[in-house]
Asks: 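Sharing a structure, written as structure tokens. Questions coming.
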Amino acid sequence: MSSSPRWDRLWRGGHVATLAAGAGGYGEIRQGALAAQGRKIVWVGRERDLPAPADDLALEVVDLQGRWVTPGLVDCHTHLVFAGDRSGEFEARLRGATYEEIARSGGGIRTTMLATREASEEDLVRGASRRLAELRSEGVTTLEVKSGYGMETDTELRMLRAARRLGTDHSVHVQTSLLGAHVLPPEFEGRREAYLELIREEMIPLAVQEKLADAVDAFCDEIAFTPAECESVLLAGRRAGLALRLHADQLSDQGGATLAARLGARSADHLERTSPQGVAAMAAAGTVAVLLPGAFYFLKDDHPPPVPRFRDAGVPMAVATDMNPGSSPVSSILAVMNLGCLLLGLTPEEALRGVTLNGARALGLGGSRGSLERGKLADLAIWEIDHPRELSYWMGRNPCVGVVKAGEPTLS
Ligand code: NIG
Ligand code: FE
């Protein structure tokens, strides 16, 4: 006979959307309850099936008062750490300049590079903390942060240190990606291979040595790096033990999705111009498609990623903010879910899966986060809503009333 379960926190009196892989829909459990022991979920189900706990434990019971619990949200693609802003370029775009023209004339990512090189680690942490607070207030408990605005070793590492500090100073789990291959920095004009060598021979080894990076990323595009150049960086990252990500097929189809799939990358991101072959390669390799509706919207792109093809091929679709000052100055994951539905054709259920289980998968964290299942971390978001589809519906309204990180309430 199994002994009574042991838990020290119980959430009851509301509804649970587990978003578990096998569960249909949102994994809805009306009149559901969830119990945690320490950092982990030990029980989730209908409240009336709740077994009596071992009576020797001090049990903290949270009454949900009819609210909904979902997994803590996962923002799997952000450039949260940067200095300055690009509102001047925003005005230029409104007068007719394009993102690519601004980039080719030395602005864009290079504008943010100049500001970021001037910023101290303290400055970077301070700026990113504000944006992180905005994401946390909407239930985000896990996020990825990239470097990529230094394009010189010191600044790239400083950005990653700032990102790591966000994970220790705040109640969120932060995963980091080294994006040295964002664009070519001006001092390497005409010496592309020398810059790629710097990434491979200096940035990657130092980032790994200091344990500052979990993954390596690159921007595969006409205004950035070729597939062969990206491959050389990703292979160096892989040899150093890093996971792989790729900014792929955003402004032009460079075969980025196929490259990411062939190299075993965890995800290919953006994908506005991915070909049917790219979709098939991702499906075969199990690569997660990270959709970034904020960038699609902010750049007024008219060519959405091939969502119906991803859906039909069974490619897991994640959704993320891409929070950055140039193409997606959006620190609202709920707004991005709404844009994903209206502009990319996701269902509200796909949007929520995109910021929970599939977001966690893009980070290689699908085993411990992203759904409410026994054995996973008790990362929870609590919502004042009548149905989980509302998370993609309201605009400018934040129904998040509580956040729990690894069993500990951090916002209530
Ligand atoms: O994910 N596509 C490339 N990189 C970023 C944009 C960065 C910027 O413009 O500052 C992105 O959209
Ligand atoms: Fe990005």
Side-chain angles (χ1 to χ4, degrees), residues 75-90 92-93 97-117 127-128 131 143-151 155-156 159 163 175-185 215-225 229-230 233 244-254 256-257 260 265-274 288-301 303 305 318-331 333 336 339 359 362-363:
D75 191 355
C76 69
H77 180 141
T78 85
H79 306 249
L80 206 71
V81 170
F82 62 82
D85 72 89
R86 304 238 288 277
S87 52
E89 292 179 2
F90 175 58
R93 284 187 45 229
T98 69
Y99 181 74
E100 277 143 301
E101 280 161 10
I102 292 168
R104 286 186 204 283
S105 64
I109 292 169
R110 290 190 190 90
T111 302
T112 304
M113 175 198 81
L114 293 176
T116 305
R117 285 182 177 181
R131 297 183 277 273
L143 82 162
E144 184 255 17
V145 181
K146 300 174 195 300
S147 67
Y149 291 123
M151 286 106 81
T155 308
E156 287 292 311
M159 289 183 73
Q175 207 181 83
T176 56
S177 303
L178 173 68
L179 178 59
H182 204 178
V183 292
L184 189 73
V216 65
D217 196 345
F219 183 15
C220 186
D221 211 284
E222 268 167 4
I223 60 165
F225 294 98
E229 290 169 340
C230 291
V233 169
L244 312 184
R245 314 277 307 266
L246 189 67
H247 284 69
D249 308 333
Q250 180 191 12
L251 307 168
S252 58
D253 178 11
Q254 302 285 311
R266 278 187 180 150
S267 73
D269 304 40
H270 284 290
L271 305 169
E272 278 79 349
R273 284 160 181 85
T274 295
V288 176
V290 177
L291 306 175
L292 305 169
F296 180 84
Y297 163 74
F298 195 73
L299 299 184
K300 294 178 80 172
D301 201 338
H303 199 291
V319 176
T321 61
D322 194 18
M323 204 296 146
N324 77 72
S327 68
S328 189
V330 181
S331 47
I333 198 158
V336 160
L339 296 176
L363 300 179

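All ligand and atom numbering here is 1-based and tracks the order in the structure. For clarity, every value in this text was computed on a predicted model and none was experimentally measured.
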Asks: May I ask you to decide if the ring planes of His77 and His247 are parallel, tilted or perpendicular, using 30° and 60° as cut-offs?
Replies: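 Judged by the thresholds at 30° and 60°, the geometry between His77 and His247 is perpendicular.
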Asks: Stepwise, does the side-chain contact (heavy atoms from CB on, under 4.5 Å) test hold for Leu291 with His270?
Replies: CA-CA 5 Å; Leu291 306 175; His270 284 290; over 6 Å; no
Asks: Considering the heavy atoms of His270, write down every atom of ligand 1 situated less than 4.0 Å from one of them.
Replies: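 Counting from 1, the qualifying ligand atoms are 1 (O), 2 (N), 11 (C), 12 (O).
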Asks: Going from CD on Glu222 to CG on Asp253, what distance comes out if it is rounded to the nearest 0.5 angstrom?
Replies: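 Rounded to the nearest 0.5 Å, the CD-CG separation comes out at 10.0 Å.
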Asks: To check your reading of the model: name the closest protein heavy atom to atom 4 (N) of ligand 1, its residue, and the distance in Å.
Replies: His182 NE2, 2.8 Å
Asks: To which protein heavy atom is atom 2 (N) of ligand 1 closest, and what is the distance rounded to 0.1 Å?
Replies: Gln250 OE1, 2.9 Å
Asks: Taking atom types as modelled and ignoring hydrogens, do the side chains of Glu144 and Thr78 form a donor-acceptor contact shorter than 3.5 angstrom?
Replies: no
Asks: Starting from atom 3 (C) of ligand 1, which protein heavy atom do you reach first, and at what distance in Å?
Replies: Phe219 CE2, 3.4 Å
Asks: In terms of atom number and element, which parts of ligand 1 are under 4.0 angstrom from non-hydrogen atoms of Asp322?
Replies: 1 (O), 11 (C), 12 (O)
Asks: Between Thr98 and Glu100, do the side chains contain an N or O donor and an N or O acceptor separated by less than 3.5 Å?
Replies: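 No, Glu100 and Thr98 have no side-chain donor paired with an acceptor closer than 3.5 Å.
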Asks: Name the closest protein heavy atom to atom 12 (O) of ligand 1, giving the residue it belongs to and the distance to 0.1 Å.
Replies: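 Of every protein heavy atom, Ser327 OG, 2.5 Å lies nearest to atom 12 (O) of ligand 1.
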Asks: Going by the order shown, which atoms of ligand 1 are within less than 4.0 Å of some heavy atom of His79?
Replies: 1 (O), 5 (C), 11 (C)
Asks: How large, to 10°, is the angle at the Fe ion (ligand 2) when you draw lines to NE2 on His77 and to OD1 on Asp322?
Replies: 80°
Asks: Are Asp301 and Arg273 close enough for a salt bridge, meaning some N to O gap below 4.0 Å?
Replies: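 The answer is yes: the pair qualifies as a salt bridge.
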Asks: Looking only at protein heavy atoms, which one is nearest to atom 10 (O) of ligand 1, and how far off is it?
Replies: Tyr149 OH, 2.6 Å
Asks: Measure from the Fe ion (ligand 2) to each N, O or S atom of Asp269 and report whether any distance is below 2.8 Å.
Replies: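 So Asp269 does not count as coordinating the Fe ion (ligand 2).
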Asks: Salt bridge (Lys or Arg N to Asp or Glu O under 4.0 Å) between Lys146 and Asp322: does it pass, once the steps are laid out?
Replies: CA-CA 10 Å; Lys146 300 174 195 300; Asp322 194 18; over 6 Å; no
Asks: Within the 4.0 Å heavy-atom shell around Arg86, which atoms of ligand 1 are there?
Replies: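 Those atoms are 8 (C), 9 (O), 10 (O).
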Asks: Cation-pi check, Arg131 to Phe82: give yes when NZ or CZ is under 6.0 Å from the six-membered ring centre and within 45° of the ring axis, no otherwise.
Replies: yes
Asks: Is there an N/O/S atom in His79 that lies less than 2.8 Å from the Fe ion (ligand 2)?
Replies: yes
Asks: Any idea which protein heavy atom is nearest atom 9 (O) of ligand 1, and the distance to it?
Replies: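 Answer, as residue, atom name and distance: Tyr99 OH, 2.4 Å.
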Asks: Could you list the atoms of ligand 1 found under 4.0 angstrom from a heavy atom of His77?
Replies: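 Counting from 1, the qualifying ligand atoms are 1 (O).
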Asks: Would you kindly specify which portion of Phe82 sits under 4.0 Å from ligand 1, judged on non-hydrogen atoms: side chain, backbone, both or neither?
Replies: neither
Asks: Compute the shortest N/O to N/O distance between Thr112 and ligand 1 and return yes if it is under 3.5 Å, no if not.
Replies: no
Asks: Do we get Arg104 above Tyr99's six-membered ring, with its NZ or CZ under 6.0 Å from the centre and within 45° of the axis?
Replies: no
Asks: Yes or no on side-chain contact (heavy atoms from CB on, under 4.5 Å) for Leu246 and Phe219, after CA distance, side-chain angles and deciding distance?
Replies: CA-CA 6 Å; Leu246 189 67; Phe219 183 15; over 6 Å; no
